[in-house]
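In what follows, a structure is listed as structure tokens, so that the remarks can point back to it.
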Amino acid sequence: MPKMIVSIDGVVIKDVQLTKDRTSLGRRPYNDIVIDNLAVSGEHAVLQMSGNEVFVEDLNSTNGTYLNGKAVKKQQLSNGDIVEIGKYKIKYVNEATSAGFEKTMIIKAGSAGLAAPAAHAVAPSPVDGGTGRAAIKVMSGAAAGREVALVKVVTTIGKPGVAVAAITKRPQGFVVAHVEGENRPTLNGASIGAEPVPLKNGDLLELAGTQMQFVQH
């Protein structure tokens, strides 16, 4: 479960688990994370959680919200990031992403233009209910047993520069294709190329040394 570790001058003063979709930070006592300091606005910032992704958003605070030393308005957090509010440093820790699976989980999820190289761009087909629900289940490593639902038209998984694959949801089912990296992913032991390959329930994917199973309900 993701959490925020609040410290000042190197001394940890709070350790807050993120259990809600919206966690507020500020000087006022009604905030979820109260930081009683005049440099902190009454309603300074908010942490928004969507699935396993957490975003920090500045609420037009007087002194601003900083992420790893740079002022931000709204930014997704990565494991180990430091949010700075006044003299306080708030470290974001997400053990689900740091425990061995590294960046092998979803690195992009959105339009097909993000997921495929220009030479093999795949326009997303309209999605209907015929494909059913599907997920990628991690079979090896510290994150074994974890499932990530395939809810986007295109879900890109992998380690940039090592092996990246795109799973596209089409009306007739799901397909997978190799996007980038010298190490091609495999499907049931066979190397995957740039041309999309249909996926069926129980198929085994291996990507950057991590084994995953395609599960369709």
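Position 1 is the first residue of the sequence; numbering continues from there.
V175 is not listed as a side-chain neighbour of V197, based on a closest heavy-atom distance of 4.5 Å or more. Looking only at side-chain heavy atoms (C-beta outward), F214 and L204 stay at 4.5 Å or farther from each other. Between I136 and E147 the shortest side-chain heavy-atom distance does not fall below 4.5 Å.
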| request: Just do the side-chain contact (heavy atoms from CB on, under 4.5 Å) check on L77 and M4 with the steps written out, would you? | output: CA-CA 11 Å; L77 296 177; M4 307 300 292; 4.3 Å; yes
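Remark: the backbone N or O of L18 is not paired with any side-chain donor or acceptor of T23 at under 3.5 angstrom. A distance-only check finds a donor-acceptor pair linking the side chain of D32 to the backbone of S24 [under 3.5 Å]. No donor-acceptor pair under 3.5 Å is formed between the side chain of H178 and the backbone N or O of P196. A donor-acceptor pair is defined here as one N or O able to donate and one able to accept, closer than 3.5 Å; such a pair exists between the side chain of N63 and the backbone of A39. Between the S61 side chain and the S41 main chain, no donor and acceptor come within less than 3.5 Å of each other.
When every heavy atom of I8 is checked against every heavy atom of K87, the shortest pair comes out as CG1-O, 3.8 Å. Of all heavy-atom pairs spanning N79 and N94, the tightest one is OD1-N, 2.8 Å.
For the side chain to side chain contact (heavy atoms under 4.5 Å, CB included) test with V6, the passing option among K14, K91, K89 is K14; the others fail. Checking each of L67, L25, I5, V16 against I90 for a side chain to side chain contact (heavy atoms under 4.5 Å, CB included) leaves exactly one that passes, namely L25.
Under 3.5 Å, the side chains of K73 and N60 contain a donor-acceptor pair of N or O atoms. Under 3.5 Å, the side chains of K70 and Q75 contain no donor-acceptor pair of N or O atoms.
A continuous path of ILVMFWY side-chain contacts below 4.5 Å connects V12 to V93, so both sit in one hydrophobic cluster.
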